Amino acid sequence: MPTVLRLLGVSACMVAAMTIWGSPDVDVVVATLAALVAYGFSGAGRPGLTIWAAASRHLCVGLISLAAEATVMGRPVDGDTWLAAGATYALLACLAMGLLRAATGRGRRRAVIAGSSEHGRRLARELFDHPQYRIVPVGFAGDSAGACARAIRRSHADLVILAGRLPASRSWLEQVAGTGCRILYAPVPGDPILDFVPVERHIRGFPLLALTPPAQRRPYWGIKRVLDVAVALSALVLAAPVLALCLLGARLEGGPGVLFRQRRIGQDGRSFELLKIRTLTATTAHDAATQWKVGRGRFTGPVGEFLRKTSLDELPQLWNVLKGDMSIVGPRPERPFFVHQFSQKVAHYDRRHRLPVGITGWAQVHGLRGDTSIEDRARFDNHYIETWSIGLDLKIIIRTIVCVLRLGGA
């Protein structure tokens, strides 16, 4: 769908939603402009989105733009009207998208078939002969990821079908998935994996297995950042008196310099400066960066020991979340020295950096913190990344609160 048509559609749907709920003319203009900005940043019009993924993104766009409109106009937000207008906008946007797809045939997916075997050619013929499956083969690609990526770009495909036994290594899959295409696997007849394929996953006798998309391409991924900002802001406001007492206690017990800053590795291997309340006696920068058990048993005093035991020393990391360096939930960030060391010794350790790092995580709520198995941490963190959902984030946040209240840390 051309970009101009998408933007016109967004504008029309927002104008209609605001008009239905009786907003003044100026509010309509401001909300529409905010919706266009939010739409551009959210990627709500990205090709290949399912109707449910698009609906969730449009709902986020609607609610964010209406909140921006209320802020700009200086009016308090009426919660019921705000939700109703946002839902109305999302419904209208999805209806418009569905009607346009039906009218133009844009609902059909363009597929590149990776593998030039007879199995792949037979599958292509079946898809051509039966358009009701809405998958149109637009080309074949060889075994290399580079050839497949070039075929995707040339044909503007949004789907890749691995036909037959291909050398699809992890790097191959990641490079092809990086094009934004969904990946399906069509095993050859006689492959043992066929015994595990549900009957509803077949097209004309060809089983098709969908590769789990990266978390960033799943429905509701955009809500994660919204949740991070909302939780971090709320926590900073609610915990402000507690944070002030913690900082005062650390200052009285350990002297100046109550904030401890340290380089950590975040998403995609980028480094950032992590903040904590200082709980240990002074040590050299080299020791802090390269020693696993820094200052063990050398707390600044009872206050420092209490802050570490309750994890209250990590409250300043809420600022890291607001800056975008971290998330509320994600793999715990580690120091560069140990990231390099563990990446060489622990299988799949470096894959922990596919998502933003977090204040708490799946490994932490299972007791894997401090001097515990790095292999177990990597396994739990990668499991979290591969099964990510908003529900899982909320579960981890709740379990973290319970751990902190029990003075068990998280």
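A quick note: this is a predicted structure, and the numbers were derived from the prediction, not measured.
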- Task: Applying ring-ring contact (aromatic ring centres under 6.0 Å, His included), name anything that partners His353, two or more places apart in sequence or on another chain.
- Result: none
- Provide the full list of side-chain hydrogen bond (donor to acceptor under 3.5 Å, both in side chains) pairs with a residue in residues 231-249, sequence neighbours left out, each pair given once. none
- Taken in chain and number order and not counting sequence neighbours, the residues that satisfy side-chain contact (heavy atoms from CB on, under 4.5 Å) with Leu91 are Leu95
- Query: Do Gln317 and Arg264 come within less than 4.5 Å of each other through their side chains, counting heavy atoms only?
  - Reply: no
- Query: Which residues satisfy the ring-ring contact (aromatic ring centres under 6.0 Å, His included) test with His348, sequence neighbours excluded?
  - Reply: none
- Task: Hey, could you give me the CG/CZ distance between Leu127 and Arg125, rounded to the nearest 0.5 Å?
- Result: 11.0 Å
- Task: Go through the steps for Asn320 and Ile359 under the test side chain to side chain contact (heavy atoms under 4.5 Å, CB included), then give the verdict.
- Result: CA-CA 9 Å; Asn320 288 120; Ile359 294 178; over 6 Å; no
- Item | Those residues that, when tested against Ile398, pass side-chain contact (heavy atoms from CB on, under 4.5 Å) (two or more places apart) | none
- Query: What heavy-atom pair brings Gly367 and Thr372 nearest, and what distance separates the two atoms?
  - Reply: O-CG2, 3.8 Å
- Message: Checking Ala16 now: which residues fulfil side-chain contact (heavy atoms from CB on, under 4.5 Å) with it, not counting sequence neighbours?
- Response: Leu92
- For Arg110, all residues meeting salt bridge (Lys or Arg N to Asp or Glu O under 4.0 Å), sequence neighbours excluded: none
- Query: For the atom pair CG (Leu315) and CG (Leu275), what is the distance rounded to the nearest 0.5 Å?
  - Reply: 11.5 Å
- salt bridge (Lys or Arg N to Asp or Glu O under 4.0 Å) against Lys323, all qualifying residues, sequence neighbours excluded: Asp325
- Which of parallel (below 30°), tilted (30 to 60°) and perpendicular (above 60°) describes Trp221 and Trp388? perpendicular
Under 3.5 Å, side-chain donor or acceptor atoms of residues 235-259 against the rest of the protein: list the pairs with distances, not counting sequence neighbours.
unit_1, atom_1, unit_2, atom_2, d
Glu253, OE1, Thr300, OG1, 2.8
Glu253, OE1, Gly301, N, 3.2
Glu253, OE1, Val303, N, 3.4
Glu253, OE1, Gly304, N, 2.9
Glu253, OE2, Val303, N, 2.9

- Query: Angle class for the Phe380/Trp362 ring planes (parallel below 30°, perpendicular above 60°, tilted otherwise)?
  - Reply: tilted
- Query: Partners of Arg270 by salt bridge (Lys or Arg N to Asp or Glu O under 4.0 Å), sequence neighbours excluded?
  - Reply: Asp268
- Message: Tell me which one of Leu209, Val176, Ile161 satisfies side-chain contact (heavy atoms from CB on, under 4.5 Å) with Ile183.
- Response: Val176
- Ser389 meets the side-chain contact (heavy atoms from CB on, under 4.5 Å) criterion, sequence neighbours left out, with Leu392
- Residue pairs fulfilling salt bridge (Lys or Arg N to Asp or Glu O under 4.0 Å) with at least one residue in residues 219-247, sequence neighbours excluded: Lys224-Asp393
